[in-house]
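Reading through the C-alpha cells given below for one structure.
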Amino acid sequence: MEVEAYRMQYSYDGSFPGKGNKLSDIDVHSVGRIMNGNTPVYYPIYQYSRFLRERNNITNK
C-alpha cells in the first residue's frame with residue numbers, strides 16, 4: 001500500500017523522497033531504500049525488497 005501511496009503522490013505533485021525520475025521507478029525496491037539516516041523508514045518493505053533481490057540472485061545463477 002505504501003508503494004501505491006507514493007505513486008499517487010508522485011503523479012499528483014512529482015514528489016518522492018527516494019530515487020526515481022518517473023512513476024514506474026517507484027516500486028518495492030525504491031520505497032524499501034528510503035532511509036532516515038542509516039535506518040530504513042519502512043523496515044518490512046526493506047526486508048521484503050532484500051528477500052526478492054536475494055531470491056532473484058539465487059534463481060538467476
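Each residue takes its place number in the sequence, starting with 1. Because only heavy atoms are used, hydrogens play no part in the values below, and waters and symmetry mates are left out as well, while side chains stay in.
Cluster membership for V41 and M8, using ILVMFWY side-chain heavy atoms within less than 4.5 angstrom, is not shared. In terms of hydrophobic clustering, with Ile, Leu, Val, Met, Phe, Trp and Tyr side chains grouped at heavy-atom distances under 4.5 Å, Y42 and F51 are assigned to a common cluster.
In this structure D25 satisfies the side chain to side chain donor-acceptor pair (under 3.5 Å) test with no other residue, sequence neighbours excluded. Not counting sequence neighbours, the partners of Y10 by the side chain to side chain contact (heavy atoms under 4.5 Å, CB included) test are F16, L23, I26. Residues meeting the side chain to side chain donor-acceptor pair (under 3.5 Å) test with S30, sequence neighbours left out: D27.
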Discussion item. Does S15 form a side-chain contact (heavy atoms from CB on, under 4.5 Å) with Q9? I'd like the steps, not just the answer.
Written reply: CA-CA 7 Å; S15 67; Q9 184 66 32; 3.6 Å; yes
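In terms of heavy-atom proximity, G32 sits nearest to P40 at O-CB, 4.3 Å. A pairwise comparison of heavy atoms in P17 and I34 identifies CG-CD1, 3.8 Å as the closest pair.
Between H29 and I45 the shortest side-chain heavy-atom distance does not fall below 4.5 Å.
Summarising the geometry, atom OH belonging to Y48 is positioned 6.5 Å from atom CZ belonging to R55; distances are rounded to the nearest 0.5 Å.
Within the structure, every pair that satisfies the salt bridge (charged side-chain N to carboxylate O under 4.0 Å, His left out) test and touches residues 39-50, not counting sequence neighbours, is listed here: R50-E54. Note on residues 4-24: pairs passing salt bridge (charged side-chain N to carboxylate O under 4.0 Å, His left out), not counting sequence neighbours, are E4-R7.
Apart from Y46 itself, the hydrophobic cluster it occupies contains M35, Y43, where clustering links Ile, Leu, Val, Met, Phe, Trp and Tyr at side-chain heavy-atom distances under 4.5 Å.
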